[in-house]
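So you know, we letter chains A, B, ... as the sequences are listed, proteins then strands, and number each from 1. Just the heavy atoms: all of them, side chains too, but no hydrogens, waters or symmetry mates, feed the values below.
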Protein chains: 2
Amino acid sequence: MVPDDDGAFAPTTEDAPSSSGFLDDGKNTIGSQLASRLREAIISGELQAGSKINLDKARKTFNVSLSPLREGLARLISDGLVEFEDNRGYRVSSISLANLEEVTTLREEFEVFALRESMRLGDVEWEGNVMRALHRLNRTERDAARPETLERWEELHREFHLTLISGCGKPILLHFCRLLLNLNDRYRRVFLTRTSGDRNVSQEHSEIAQGAVARDLDYSCDMLRQHIHRTGTNLRNHLATKGIL
Amino acid sequence: MVPDDDGAFAPTTEDAPSSSGFLDDGKNTIGSQLASRLREAIISGELQAGSKINLDKARKTFNVSLSPLREGLARLISDGLVEFEDNRGYRVSSISLANLEEVTTLREEFEVFALRESMRLGDVEWEGNVMRALHRLNRTERDAARPETLERWEELHREFHLTLISGCGKPILLHFCRLLLNLNDRYRRVFLTRTSGDRNVSQEHSEIAQGAVARDLDYSCDMLRQHIHRTGTNLRNHLATKGIL
DNA sequence: ACTATCCAAATAATCGATTATCTGTCAAGG
DNA sequence: CCTTGACAGATAATCGATTATTTGGATAGT
C-alpha cells in the first residue's frame, strides 16, 4: 500500500480554498510572494504579453533582490506564463491566435477527459464541492463597471472548473489543466468584460455540474466541451475584432 | 568527502543529442548545464527518487554556487522531476505505483492524440524525420552488459517518440508529452535493462512509424497505444517484483 | 554607401557572505 | 513519564558586489 499518491505534481503548494485562506500565505518566502504577484500581474494583463522583463527594473519595482526575483520568475515558467532564454532573460509569454486555439483544443481534450475520470472516480465529497463551487459562482455578479467583481468572478470561475475535475485522482493531469486554465484566463481577462448576448453562462455551468453529480458522463462531458468551445470562439472573435494580431 | 578533483566544467561525455537534436551548444550558462546534469542524474536513477536535495552538499559536489544551483533545480520542477517547498528546499520527485499508472494513462491519451494530429498535419519533412529516427533507433543495439549502449538507446528511443509527434503543431502539447516521457523514462531506466521476451520492440516501433507515414490514423494510433500500454504493464510488474513499494 | 570590427553601456549570471528559518535535543515543570 | 520551551547546529533564503555576456553604435577599411 502506498502511503499517499504523492505523484510528481502532488503537492502543488498553492491554492487552498480561496474563501478560507487568510494568514497562511502571509509568511511565505519573498520568492513565493513574488510568484503570486507576478502571476496575477500577467494574467490580468498588467504585464503585457510578449514584453521583456528587465530584471533591474523589476528589482526596483518590487523592491527585492535578484535571487528571489529569479526564483519567482522561474516558477512562472512551469505555469507557462513566462519564457526564458539563456543570457537573454525572461519575457512574458506571447499571446497569439495559434496559442489561443491550442489552449482551447487542449482544454477540450484534457479537461473533458479529467471530468470523465472525476465522474468515474469522484466520491460524495467531490460532489459536494462541485455543488458548492457552482452555487458560489452563480451567486456572484459580474459587473463590468466594477473591476473587483470581475476579478472575484474570475477567481470563482476558475475554482469551479478546477473543482469539477478535482475528483479525477490524477495530480499530473490536474497540473496540466490548471496550467491551461491560467493561459486561457489571461485571454478572457484581457478581452472579455461581459459574455456575448446569446449565452447564458450560468446555465451552462449548472448543466455541467448537475450532469456531473448525476454521473451522466456523456451529457456532462458534451456540455463541458461545448462550453469550452464557445468560449474559445468568443475569444477568437474579440481577438480579431480588437485587431491585436 | 568531496575531493575536488573536479571538473565543474568537465568536458563530460554528455554531448548534445547526436546530430540535430537540440540547440544547446557550448554556450550555456552554469544553471543550464546543471539542469542537464541533474536531469540525467535523476532519470538515470543516480539520484534516488524521493530523496532530499541538500543544497550545501550539492553545491560542493558540483562545485558551483547557490544561485545557479537553484536556477537549475527550478527548471527541473517544470520537468516534473523535482519538487519544492518553501523553506524546506528541493527533493527528487517520488516514484510510486500510482504515479507510474498515471504517467502511462496520460501518455496513452496525450501521445496518441498528438500522433493523430501529427498525421493530420505533418508535412514531408516530418515524415522524413520519423523514418530517420526509426532507422537510427533500430540500428542501435541495446546490450545490458554495456551501460553506455543502454543510455544511447534510451536517448534514441526518446527521440523517436518525440519525433513521431513533432508534426502536431502544438507546442504546449509537445511540452506535456516531453514531460511525461521524462517521468516514464525514469522508471524504465531503473527497472528495465531488457525487454520482456514476448515483445519485439523494434517491430512495434516500425509498425507505428510506417503506419504514421502512410497516414493510417487508426492503425498507427492503436499500435502506439498498445505500445505504451505494454510498457506500462511491464514496468508495473518489475516495480512489484523488485518490491520497491 | 556597405560591411566588418571593436568599444562601451546595458543587462544577465554568478559568487561569497549574511540573515532567516527549521529541526532535533535536552532540561524544567507539570 | 509526558509536555513545553529554549538552545544550537543545520539548512534555506536573501542580499550586495563582482564577473560574464549581449547589444547598439561608432569607426575603419573596401
Side-chain angles (χ1 to χ4, degrees), chain A residues 11-14 23-39 42 47-48 50-78 81-93, chain B residues 1-2 4 6-12 16 22-39 42 47-48 50-78 81-93:
Chain A
T12 23
T13 46
E14 57 176 313
L23 303 165
D24 50 350
D25 31 307
K27 43 186 50 186
N28 282 340
T29 61
I30 297 182
S32 288
Q33 295 174 304
L34 266 180
S36 297
R37 291 176 65 182
L38 287 166
R39 184 181 297 114
I42 293 174
L47 255 58
Q48 197 182 14
S51 66
K52 183 141 185 12
I53 297 174
N54 183 307
L55 293 176
D56 222 43
K57 284 181 196 163
R59 188 174 66 67
K60 285 165 187 160
T61 302
F62 291 104
N63 220 37
V64 296
S65 179
L66 284 183
S67 325
L69 180 57
R70 286 174 151 273
E71 193 88 22
L73 285 168
R75 286 195 218 169
L76 295 190
I77 294 177
S78 350
L81 295 172
V82 162
E83 292 164 0
F84 172 83
E85 198 176 351
D86 270 348
N87 288 320
R88 298 237 182 133
Y90 303 83
R91 68 173 50 238
V92 180
S93 297
Chain B
M1 193 56 185
V2 184
D4 46 24
D6 77 353
F9 282 68
T12 59
F22 280 44
L23 11 80
D24 55 49
D25 299 316
K27 56 175 181 179
N28 278 339
T29 63
I30 296 180
S32 287
Q33 296 174 304
L34 264 181
S36 297
R37 292 176 67 182
L38 286 167
R39 184 182 295 113
I42 293 174
L47 254 59
Q48 197 182 15
S51 65
K52 185 141 185 12
I53 296 174
N54 183 308
L55 291 178
D56 222 41
K57 284 181 195 162
R59 188 174 67 68
K60 285 166 186 160
T61 302
F62 291 105
N63 218 35
V64 296
S65 178
L66 284 183
S67 324
L69 180 57
R70 285 174 150 273
E71 192 89 23
L73 285 168
R75 284 193 220 172
L76 295 190
I77 294 177
S78 351
L81 295 173
V82 162
E83 294 165 1
F84 171 84
E85 199 175 353
D86 271 347
N87 287 321
R88 299 238 179 134
Y90 303 84
R91 65 173 53 237
V92 181
S93 296

Quiz item: Reckon A:Ile53 touches a base, only the sugar-phosphate, or nothing at all at heavy-atom distances under 4.0 Å?
Solution: sugar-phosphate
Practice problem: Using a 4.0 Å heavy-atom cut-off across all strands, classify B:Lys52 as base, sugar-phosphate, or nothing. | Solution: sugar-phosphate
Round to the nearest Å and state the distance from [X] atom [atom1] to [N] atom [atom2].
X       : N      : atom1 : atom2 : value
A:Asn28 : D:dA12 : CG    : P     : 17 Å
B:Asn63 : C:dG16 : CG    : P     : 10 Å
A:Leu69 : D:dG16 : CG    : P     : 14 Å
A:Arg91 : C:dT11 : CZ    : P     : 13 Å
A:Glu85 : C:dA12 : CD    : C1'   : 12 Å
A:Lys60 : C:dT11 : NZ    : C1'   : 11 Å
B:Asp56 : C:dG16 : CG    : P     : 13 Å
A:Phe84 : D:dT21 : CZ    : C1'   : 12 Å

Does [X] reach the side chain of [Y], with side-chain heavy atoms less than 4.5 Å apart?
X       : Y       : result
B:Phe62 : B:Ile30 : no
B:Arg39 : B:Leu81 : yes
A:Leu34 : A:Glu71 : no

Practice problem: Compare the minimum distances between each of D:dT11, D:dT22, D:dG16 and the side chain of A:Asn87, then state the nucleotide with the smallest one. | Solution: D:dT22
Quiz item: Of the nucleotides C:dT14, D:dA12, D:dC15, which one has an atom closest to the side chain of B:Asn54?
Solution: D:dA12
Quiz item: Do side-chain atoms of B:Arg91 reach the backbone of B:Gly50 as a donor and acceptor pair under 3.5 angstrom?
Solution: yes
Quiz item: Between A:Arg88 and A:Ser67, who's closer to the 5' end of DNA chain C by nearest nucleotide?
Solution: A:Arg88
